[in-house]
Amino acid sequence: MNEVRLLLIAALLLAAPLSRAQETPKTTPVTLFGEALQKLAALIEPAPGAPAQTLATTLKISRADGLPNDLIGRELDFAWQAPNRLRLTADINGERYSAGRDGESLWIHAPGKKFGVIGKPGVARFASAPDKLDNTKLGKWKLPLPREQLALLPLLCKVEQGADEQLEGVACHVLRATPQPQAIEALKIPAGTLHLWVRATDGLPARLGWSDGKQAFVTVDLRNLKQEAARPAEQWKLDANAGDKVETVALAHLVRFLQVAPSMLDNQVPSLGPITGERRVVASHGAGRLEVHDGTKVLFLKGTPEEMGAQHGTLLKAEVQKLMDRVLYGVGVGSSFAKSRWFFSEIEEATGRFGKFVDPRYTREMDAMASAAGVLREEARLANYFPELFHCSGFAVFGDATAGGRIFHGRVLDYMKGIGLEQNATVIVHQPEQGHAWVNVGYAGFIGSVTAMNAKHISVGEMGGRGEGQWDGKPMAQLIREVMEKAGTLDEAVAIMRRGPRTCEYYYVIADGKTKRAVGIAATPTKFEVVLPNQAHPQLPHPIKDAVLMSAGDRYEELARRVKGGFGKFDADGARDLMTSPVCMNSNIHSVLFAPDTLDFWVANADSKNVASHTRYTHYNLATLLGGTGEEKRTTSGGQ
C-alpha cells in the first residue's frame with residue numbers, strides 16, 4: 001500500500017501544474033483519456049443515488065492478432081444494468097445462444113436446441129453428494145480499481161494520441177495508454193497498452209483494444225452504443241419458449257464454465273525442439289517423482305493406491321486442476337447445449353450405473369489424488385470417466401510383415417485436439433503394490449488408460465465406437481488398466497476383456513511382445529469378437545498376413561494400402577509413418593508406437609501447429625524407466 005500512496009502523491013504533484021493552468025484550458029491526450037475512463041466508470045459502477053440505466057451495444061471483434069482468425073467479425077449483443085443484470089446474445093456455429101445474469105443467478109439458453117439452464121446457489125453440485133449445497137455468491141459488479149486510483153491512472157501512464165479516425169461515420173479520438181512499470185507493480189494491472197477510440201460527440205468509447213507488445217492485439221468495436229431507461233425485471237430472465245427443457249443447476253458450475261471457456265480459445269502448445277538426451281528430476285514426493293525427458297513430462301508412481309494418488313496430485317497439482325477445469329467445466333458443460341442435456345446429470349447417471357463395477361483400489365487412488373491436488377473428489381472421479389468417449393485407429397504388424405520379424409503396435413488417438421489436454425500430456429510409469437508395472441501414455445489427472453504397455457510385454461490401444469448410454473459395466477479406461485496390471489500373456493489379456501463386464505462399443509488392438517502375436521477385439525456389452533491376423537471382418541475387408549488393422553472408412557482403406565505396400569520392410573521409422581495423415585484425423589491428439597518385444601515406445605503429442613503424427617516423437621524404454629526394480633531384466637534396444 002505504501003507504493004500505491006507514493007504513486008498517488010506523485011500523480012497529484014504532476015497534476016498541480018494542470019490545475020494552475022485552468023485559465024487557458026487545453027485538451028491533452030491525458031485529459032481525454034481521463035474523461036473517457038470516468039465515462040466508462042460511470043457506466044459500469046454508477047455513483048450512489050444515480051438513476052438506473054441500461055447500457056446496450058453490439059460488440060464486434062475487429063482485430064484478433066494472436067487468437068484464432070475465425071474470431072474476427074464475431075458479434076455479441078450486450079446489455080448491462082448496474083449492479084447485477086446482464087444479457088448476452090450471439091450466433092455460434094450457426095446456432096443462437098443467449099446468456100445472462102439476473103441478480104444472484106446465471107442462465108444460458110440455446111433456443112434452437114430447446115434447452116436452457118439456470119444456475120442458482122443453494123443447489124447440490126453433485127448428485128453423489130446431495131448434502132453439499134453450492135454457496136457461490138456473485139456479488140455486485142465493481143470497477144477493477146478504486147475510483148481514486150482510476151482517476152489518477154492517466155497520470156501514471158504514457159498516453160499518446162494518434163490521428164482522429166472515422167468509425168461508423170463518427171469522428172473518434174484515438175488514444176494509446178501504456179502503464180508505467182511502477183504503476184503495473186503497485187496497482188497490479190497487466191503490462192501492455194490500452195487502445196481507445198473515443199467518440200468526439202459524447203466522449204463514449206467506440207472501440208477498445210489491448211496489445212501486449214508481442215503477438216497479441218485485440219480490438220472490439222462497440223456498435224450503436226447507447227444509454228437508455230432501465231429495462232423491466234422480466235427482460236433479464238431466461239425467456240424460454242414452449243417445449244423448452246430448462247434445468248436448475250448449481251451456480252458454481254456455470255461460473256466455472258464462463259471462467260474456463262475463454263481460455264480454451266487460445267491453446268498455445270509450442271513445438272518440441274530437437275532431441276538432446278535431457279533427463280532431469282523436477283520434484284519428488286514419497287516414492288514418486290516427476291522428471292523431464294527431452295521437454296516431455298514423465299511421472300513415476302509407486303506404492304499403494306493412496307500413495308500413488310498422493311504422488312500424482314502433489315507432483316502435478318496445477319496440471320490436474322487445469323485438466324478438471326477443461327474436461328468438466330469447459331468441454332463437459334459446453335457439450336450440454338449441443339446435446340440438450342445437462343452434462344453433470346448425464347455423467348453422474350453413467351457413474352451411478354458403472355460405479356459398482358469399478359475396482360475400489362482405483363477409487364481410493366482417485367480420491368487421494370484429488371485431496372493432494374486440491375480438487376473435489378467428485379470432480380476427480382467424474383473426469384476419470386471422460387475417456388469413455390475416445391475414438392481412434394490402431395494396428396499391429398509383426399512376423400513376415402516387418403524387417404527382422406519384429407513386432408510394432410501403433411496407436412492413433414483422434415479426440416478433441418485443441419481443448420487443452422495437450423498441455424497436460426504425461427508419460428506415467430505405474431508401479432503398484434499389487435500387479436505388474438506398466439506405462440500409461442496419457443494426461444495428468446487420469447488414472448485409467450487408453451494407451452498402455454506393461455512390463456510383461458503386453459500393449460493395448462482402444463478405439464471408440466457407438467453404444468453411448470450402455471453403462472452397466474467396467475469403464476473402458478479402467479478395464480485397460482486391469483489388463484495392464486493382471487495380464488502376463490495375450491491370452492490372459494483377451495480373457496480379462498472377454499470377462500468384463502463391458503460398457504458401450506469399443507475396439508482394441510492387443511499385442512504380446514514375448515510371442516510376437518497380436519489380435520483385434522470388437523466388443524459391446526453383449527458381443528465379443530476376436531479378429532485374428534489375416535482374418536476378414538465385415539468392417540475390415542482387407543485381411544493381411546501377420547497384421548491386425550483397426551480403423552474405419554477411408555482411414556482404414558489407406559492404412560491397409562500402406563501396410564500392403566511396405567509389407568516385409570517395416571522398421572520403427574516405417575511403422576511410425578503408417579500413422580500420418582490421412583490415417584490420423586485432424587483431431588489427432590497423440591500417436592504412439594510400441595515395440596513390445598523390447599519395451600521400447602515412441603510418443604508424439606499434438607502442438608498448436610500440427611496433429612500428433614506430424615510432430616516429434618520422443619523415445620522411451622519401459623525397462624530403463626523402471627530401472628533396477630527387478631520387474632524386467634530383458635535386454636532392450638531401440639533408438640530415437
Side-chain angles (χ1 to χ4, degrees), residues 29 33 36-37 40 44 57-76 78 88 90 92-93 143-145 150 153-154 156-163 165 167 172-198 205-223 225 256-273 295 318-319 321-322 325-326 329-331 334 416-425 605-610 615:
F33 182 51
L37 284 182
L40 282 172
I44 296 171
T57 185
T58 297
L59 304 176
K60 181 178 181 179
I61 299 177
S62 50
R63 182 170 181 173
D65 296 358
L67 295 177
N69 289 332
D70 60 0
L71 291 177
I72 298 176
R74 295 281 184 93
E75 294 187 355
L76 175 72
F78 173 97
L88 308 172
I92 303 175
N93 298 328
L143 293 167
L145 294 173
L150 192 67
L153 183 60
L156 305 176
C157 296
K158 178 183 178 182
V159 183
E160 302 171 290
Q161 184 173 1
E165 295 182 15
L167 291 180
C172 296
H173 303 307
V174 181
L175 303 172
R176 295 182 297 275
T178 305
Q180 301 291 357
Q182 299 91 336
I184 293 172
E185 176 64 25
L187 302 179
K188 306 303 179 185
I189 54 180
T193 298
L194 173 66
H195 302 259
L196 189 60
W197 286 255
V198 180
R207 176 181 288 168
L208 298 172
W210 180 263
S211 60
D212 64 358
K214 300 173 184 177
Q215 295 181 333
F217 192 164
V218 180
T219 60
V220 179
D221 293 356
L222 290 76
R223 306 178 66 183
L225 177 66
R256 291 277 289 278
F257 169 66
L258 295 173
Q259 291 170 340
V260 171
S263 67
M264 297 179 67
L265 297 174
D266 185 28
N267 285 304
Q268 297 299 319
V269 184
S271 300
L272 291 173
E319 290 84 352
Q321 292 175 347
K322 289 178 182 177
D325 277 344
R326 296 296 178 94
Y329 300 102
V331 178
M416 288 195 175
K417 176 183 180 293
I419 70 165
L421 289 177
E422 300 94 321
Q423 293 94 321
N424 300 301
N605 289 290
D607 57 33
S608 296
K609 297 180 180 178
N610 302 291
T615 63

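Every residue two or more places apart in sequence or in another chain that forms a side-chain contact (heavy atoms from CB on, under 4.5 Å) with Leu37 is listed here: Phe33, Leu150, Leu153, Pro154. Every residue two or more places apart in sequence or in another chain that forms a salt bridge (Lys or Arg N to Asp or Glu O under 4.0 Å) with Arg63 is listed here: Asp65. In terms of the side-chain hydrogen bond (donor to acceptor under 3.5 Å, both in side chains) criterion, residue partners of Arg207 (sequence neighbours excluded) are, by chain and number, Asp221. Scanning for side-chain contact (heavy atoms from CB on, under 4.5 Å) contacts around Glu319 gives Lys297, Leu316, Asn424, Ala444, with sequence neighbours left out. Taking the salt bridge (Lys or Arg N to Asp or Glu O under 4.0 Å) definition, one finds that Glu75 meets it with Arg223, sequence neighbours left out. In terms of the side-chain contact (heavy atoms from CB on, under 4.5 Å) criterion, residue partners of Leu76 (sequence neighbours excluded) are, by chain and number, Leu59, Leu88, Ala90.
No side-chain heavy atom of Ser271 sits less than 4.5 Å from a side-chain heavy atom of Thr615. Inter-residue side-chain proximity for Val260 and Arg326 is flagged as met; some heavy-atom pair is nearer than 4.5 Å.
Taking each heavy atom of Pro179 and Ala177 in turn, the nearest pair found is CD-O, 3.8 Å. Ala64 and Leu71 make their closest contact through CB-CB, 4.5 Å (heavy atoms, listed as atom of the first residue, atom of the second, distance). Taking each heavy atom of Phe257 and Tyr329 in turn, the nearest pair found is CD1-O, 3.0 Å. Residues Ser62 and Val220 come closest through the heavy atom pair OG-N, 4.2 Å.
For the atom pair NZ (Lys322) and CG (Leu421), the distance works out to 13.0 Å, reported to the nearest 0.5 Å. Ile61 CD1 to Thr219 OG1: the interatomic distance, rounded to the nearest 0.5 Å, is 9.0 Å. Between the NE2 atom of His195 and the CH2 atom of Trp210 there is a distance of 8.5 Å, given to the nearest 0.5 Å. Rounding to the nearest 0.5 Å places CD of Glu165 at 12.5 Å from NE2 of His173. Atom-to-atom distance recorded for Cys157:SG and Leu175:CG is 11.5 Å, nearest 0.5 angstrom.
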### Task
Assess whether side-chain contact (heavy atoms from CB on, under 4.5 Å) is satisfied between Leu156 and Gln180, documenting all intermediate values.
CA-CA 6 Å; Leu156 305 176; Gln180 301 291 357; 5.5 Å; no

### Task
Start with the C-alpha distance between Asp607 and Glu422, add both sets of side-chain angles, then the distance that settles side-chain contact (heavy atoms from CB on, under 4.5 Å), and finish with yes or no.
CA-CA 7 Å; Asp607 57 33; Glu422 300 94 321; over 6 Å; no

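In terms of modelled atom types and a separation under 3.5 Å, the side chain of Thr57 and the main chain of Phe78 share no donor-acceptor contact.
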